[in-house]
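Everything below concerns the one structure shown next.
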Amino acid sequence: MRLCSKVSCSRSAAATMTYVHADACVVIGPLARRAEPGAHDLCADHAARLTPPVGWQLIRIDSGQAPPERTHDDLLAIADAVREAAGGPRDSRPADASSGTDGVSRSDGSMPGRKHGHLRIIGDS
């Protein structure tokens, strides 16, 4: 259980507040799943009474809102961004042909493919 980050408040956190300095904006939304640097957890009372600095905008994101629905185009855009960040496909051979296996997982349970950091790039089959 996380507590409100206001001094001398020992109530349970109910919301998370972040600052977007570039836009002079304070955002108060539902409690984040985990504590993040630069984010402040607030109890319900402090979240409701908070006022932004002079000249700043306050955005309240209601926790009762449904998350935005992802469309097929959104998912394709995410996949393209991941491919671009990984350097794109380097050859057109299928993963099983380039790795020397027939597409079966290895003895350690991993699948064939090139490693890239903590991600594994698997070619088109």
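Below, all heavy atoms of this structure are taken into account, side chains as well, without hydrogens, waters or symmetry copies.
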side-chain contact (heavy atoms from CB on, under 4.5 Å) between Leu50 and Met17, worked out | CA-CA 10 Å; Leu50 186 114; Met17 175 188 68; 3.6 Å; yes

Could you give the distance from CD1 (Ile78) to CG (Asp73), rounded to the nearest 0.5 Å?
-> 11.0 Å

Check residues 41-48 and write down every donor-acceptor pair under 3.5 Å in which the side-chain atom is one partner and the other belongs to a residue at least two apart or another chain.
{"residue": "Asp41", "atom": "OD1", "partner": "Arg2", "partner atom": "NH2", "Å": "3.3"}
{"residue": "Asp41", "atom": "OD1", "partner": "Thr16", "partner atom": "OG1", "Å": "3.2"}
{"residue": "Asp41", "atom": "OD2", "partner": "Arg2", "partner atom": "NE", "Å": "2.6"}
{"residue": "Asp41", "atom": "OD2", "partner": "Arg2", "partner atom": "NH2", "Å": "3.4"}
{"residue": "Asp45", "atom": "OD2", "partner": "Arg11", "partner atom": "NH1", "Å": "2.4"}

Val26 and Ile59, any side-chain heavy atoms less than 4.5 Å apart =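 Side-chain contact under 4.5 Å: no.
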
State, yes or no, whether a side-chain contact exists between Leu3 and Ser5 at a heavy-atom distance under 4.5 Å.
->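 Heavy-atom side-chain distance check fails, nothing below 4.5 Å.
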
Kindly work out whether a path of hydrophobic side-chain contacts (I/L/V/M/F/W/Y, heavy atoms less than 4.5 Å apart) joins Tyr19 to Leu58.
-> yes

